[in-house]
Amino acid sequence: MIAIVDCNSFYCSCERLFKPGLQHKPVVVLSNNDGCIISRTDEAKKLGIGMAGPYFEARPLIEKHNVAVFSSNYNLYGDMSWRVMEVLRMIAGKDNVEVYSVDEAFVNLEHVATDQLQATAKLMKETIEQWTGIAVSVGVAPTKVLAKVANRLSKKNKATSQGVMVLHTQEDQREALKKTMIDDIWGVGGAYADKLRNMGIVTAYDLSKMPQAWGKSFMGGVVGERLIRELNGIQSMKMEDELVTKKMIATTRMFGAPVADLKSIKEAVATYTSRAAEKLRRQHGAAKSISVFIVPKEQSHNSRFRHGPIISSNTTLPMATSLTNELIKPALQMAEALFERGRLYKKAGVMLGHIVPDSSVQGNLFVPETKNKETMLMGMMDNINFSQRDDILKFASSGITRNWKMQQNFHSPRYTSRWDELFEVK
DNA sequence: TCTGGGGTCCTAGGACCC
DNA sequence: TCTGGGGTCCTAGGACCC
């Protein structure tokens with residue numbers, strides 16, 4: 001059996017930890033640049049505030065009901081996430097935990113006796129809540145997809161489930177599937193949901209009764225086939241080893257306000273490249289390709305498109321590297337080539353691809369000896385920046401004033417990761 | 001006026017090879 | 001007038017996730 005442990009309204013819960021007065025009050029957390037709502041408490045949901053909707057649209061409701069609003073504080077969420085996952089690893093064993101996202105983890109319960117499943121799930125939940133203060137829901141079932149179904153139902157019926165739901169008989173599974181609409185299935189998004197409904201498939205149960213071959217032809221090939229098997233309790237998605245090596249690393253941001261000058265664009269691109277290179281070094285990788293894109297602010301009144309065209313360029317490097325300076329150079333060249341004077345831009349991004357382990361970087365006869373020193377320099381920069389949790393050291397091309405930086409008007413202190421922002425009790 | 005950021009997997013189709 | 005068959009590799013784009 002597999003459990004999925006999922007933090008309730010995670011970002012909001014983190015903010016509430018340090019503002020006990022907000023317990024049972026509506027709270028929302030905004031995306032970068034304070035653009036969209038990306039986390040809501042139950043109280044905020046009840047007021048009719050939608051998920052992923054733009055902040056400005058929900059603003060009347062928010063002001064009317066005095067909803068607490070926060071900009072996202074990823075230092076805080078990252079640190080709380082680590083604490084939650086550590087508790088799980090202590091209880092279930094390090095190798096049985098697969099961190100799926102910042103607020104979710106799958107836990108392998110293969111070795112737990114059937115009559116102990118409920119108790120184990122409850123233990124995980126209660127320990128996390130007691131030690132970290134973050135409330136979680138737990139779903140347990142024979143497959144990942146069914147565990148997700150269980151988790152969702154446990155959240156929907158908190159009063160009866162106490163935040164834990166175990167689906168271990170086929171009877172339980174069938175009942176749960178009947179209560180789950182197709183668009184609430186993990187792996188069914190908007191496009192497939194529309195398609196399925198048009199074919200008269202409405203509940204997860206309906207979908208589970210379709211033949212696998214049908215899934216193969218109508219739901220994206222092996223993906224659909226696998227989904228149907230999982231719904232029927234046949235494990236088709238394994239527990240993954242902790243996968244730390246990403247195949248692509250991206251750093252992209254909206255600007256605080258549209259930008260028209262090349263200098264700002266270049267500063268932003270240099271900054272994002274530095275950040276991406278940092279992530280790359282953290283996983284001991286080296287990248288062989290880098291691409292840069294910039295997005296013009298939509299000029300036309302044709303508002304059907306949320307984004308303007310994306311203007312991008314890609315460079316293949318002579319050899320894979322993780323050195324910031326070697327990545328910044330081509331990135332800035334591309335930024336310069338893409339930029340058109342007279343246009344307004346709202347976003348830029350950098351992506352690193354063709355990532356290989358840095359130990360396997362192909363030797364090149366023409367690599368100068370100085371390379372080792374540069375690698376050490378990068379390591380030092382990373383250490384200093386990490387211990388300060390800030391870009392205290394950066395490349396000059398990243399700029400000092402940074403007029404293009406995103407807006408974060410409701411940022412809470414980094415309570416758990418900065419000495420000078422510690423929570424104070426008077 | 002104002003709509004995030006960072007990923008994954010899969011398929012189709014083109015280019016190319018023998 | 002008629003122009004094979006079978007591969008591989010790569011990229012773009014769609015769909016999904018949180």
Side-chain angles (χ1 to χ4, degrees), chain A residues 4 6-11 28-40 50-60 62 69 71-74 77-78 81 98-106 144-145 148 151-152 182-196 215-227 236-237 240 243-258 272 275-276 279-280 283 288-289 291 293 295 297-298 301 303-308 310 312 314 316 344 346-355 406-409:
Chain A
I4 176 97
D6 179 318
C7 302
N8 302 340
S9 310
F10 181 55
Y11 296 170
V28 299
V29 172
L30 305 180
S31 63
N32 273 337
N33 226 24
D34 295 339
C36 297
I37 293 168
I38 52 171
S39 179
R40 309 161 295 158
M51 184 59 176
Y55 170 53
F56 73 90
E57 257 176 43
R59 208 156 155 179
I62 286 174
V69 178
S71 301
S72 28
N73 180 347
Y74 291 107
Y77 312 151
S81 171
E98 175 196 336
V99 176
Y100 177 68
S101 75
V102 67
D103 68 334
E104 278 177 62
F106 289 104
K144 284 186 171 179
V145 171
K148 281 279 207 174
N151 184 282
R152 183 177 157 278
I182 42 170
D183 40 344
D184 292 321
I185 303 171
W186 187 49
V188 178
Y192 285 143
D194 286 346
K195 191 166 159 185
L196 292 176
K216 189 165 188 168
S217 347
F218 293 102
M219 288 188 75
V222 299
V223 180
E225 211 181 350
R226 194 166 60 198
L227 181 59
S236 306
M237 302 168 76
E240 303 281 346
L243 195 66
V244 275
T245 50
K246 288 175 183 143
K247 297 168 180 172
M248 183 201 82
I249 288 173
T251 303
T252 73
R253 298 262 183 293
M254 302 273 299
F255 301 130
Y272 303 161
R275 176 64 31 81
K279 296 185 205 168
L280 182 65
Q283 68 169 45
K288 184 116 171 81
S289 81
S291 39
F293 69 84
V295 183
K297 180 173 151 59
E298 191 59 60
H301 297 291
S303 58
R304 255 171 26 87
F305 299 103
R306 203 174 120 187
H307 294 297
I310 292 173
S312 70
N314 181 76
T316 300
L344 268 179
K346 61 175 186 186
K347 181 177 183 173
V350 173
M351 286 189 256
L352 304 179
H354 297 108
I355 295 174
M406 65 184 174
Q407 293 184 34
Q408 292 204 297
N409 294 322

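In what follows, every chain begins at residue 1, and chains take the letters A, B, ... in the order their sequences are listed.
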Sugar-phosphate, base or nothing in reach of A:S72, heavy atoms under 4.0 Å: nothing
5′-ward residue of the pair A:K279/A:E57 relative to DNA chain B: A:E57
Euclidean distance, A:R152 CZ relative to A:I185 CD1, rounded to 0.5 Å: 9.5 Å
Nearest listed nucleotide, side chain of A:Y192, among C:dC18, B:dG6, C:dA15: C:dA15
Donor-acceptor contact present, side-chain A:E98 to main-chain A:A105, <3.5 Å: no
Closest to the A:A191 side chain, choosing from C:dC18, C:dC16, B:dT3: C:dC16
Shortest non-hydrogen contact between A:A250 and A:M351, atoms and distance: CB-CG, 3.6 Å
A:D34 CG - B:dG5 C1' separation (whole Å): 14 Å
Touch class at under 4.0 angstrom, heavy-atom based, for A:Y100 against every strand present: sugar-phosphate
Interatomic spacing from OG in A:S31 to CE in A:M406 - rounded to 0.5 Å: 9.5 Å
NZ/NE/NH1/NH2 to OD/OE distance under 4.0 Å, A:E240 and A:K144: no
Within-4.5 Å side-chain heavy-atom neighbours: A:Q283 and A:I249: yes
Short side-chain N/O contact from A:T252 to OP1 or OP2 of B:dG6, under 4.0 Å: yes
Integer angstrom distance from the P of C:dC18 to that of B:dT3: 24 Å
Nearest listed nucleotide, side chain of A:P54, among B:dT3, C:dC17, B:dG5: B:dT3
Sugar-phosphate only, base, or nothing, as touched by A:N32 at under 4.0 Å among non-hydrogen atoms: sugar-phosphate
Rounded interatomic separation in angstrom, taking CD1 from A:I37 and P from B:dT3: 14 Å
NZ-CD1 distance between A:K347 and A:I310, expressed to the nearest 0.5 angstrom: 7.0 Å
Touch class at under 4.0 angstrom, heavy-atom based, for A:G190 against every strand present: sugar-phosphate
Sugar-phosphate, base or nothing in reach of A:R275, heavy atoms under 4.0 Å: nothing
Expected output: side-chain A:T251 to main-chain A:R275 donor-acceptor under 3.5 Å: no
Touch class at under 4.0 angstrom, heavy-atom based, for A:R59 against every strand present: nothing
Sugar-phosphate, base or nothing in reach of A:I185, heavy atoms under 4.0 Å: sugar-phosphate
Residues in side chain to side chain contact (heavy atoms under 4.5 Å, CB included) contact with A:Y11, at least two apart in sequence or another chain: A:V29, A:I38, A:S39, A:Y74, A:Y77, A:V102
Sugar-phosphate, base or nothing in reach of A:E104, heavy atoms under 4.0 Å: sugar-phosphate
Letter per nucleotide, 5' to 3', of nucleotides 7-14 of chain C [B base touched, S only sugar-phosphate touched, - untouched; heavy atoms, 4.0 Å]: --------
Sugar-phosphate only, base, or nothing, as touched by A:L30 at under 4.0 Å among non-hydrogen atoms: nothing
Sugar-phosphate only, base, or nothing, as touched by A:D103 at under 4.0 Å among non-hydrogen atoms: sugar-phosphate
Angle of first-five versus last-five pair axes in the helix from B:dG5-C:dC18 to B:dC18-C:dG5, to 10 degrees: 10°
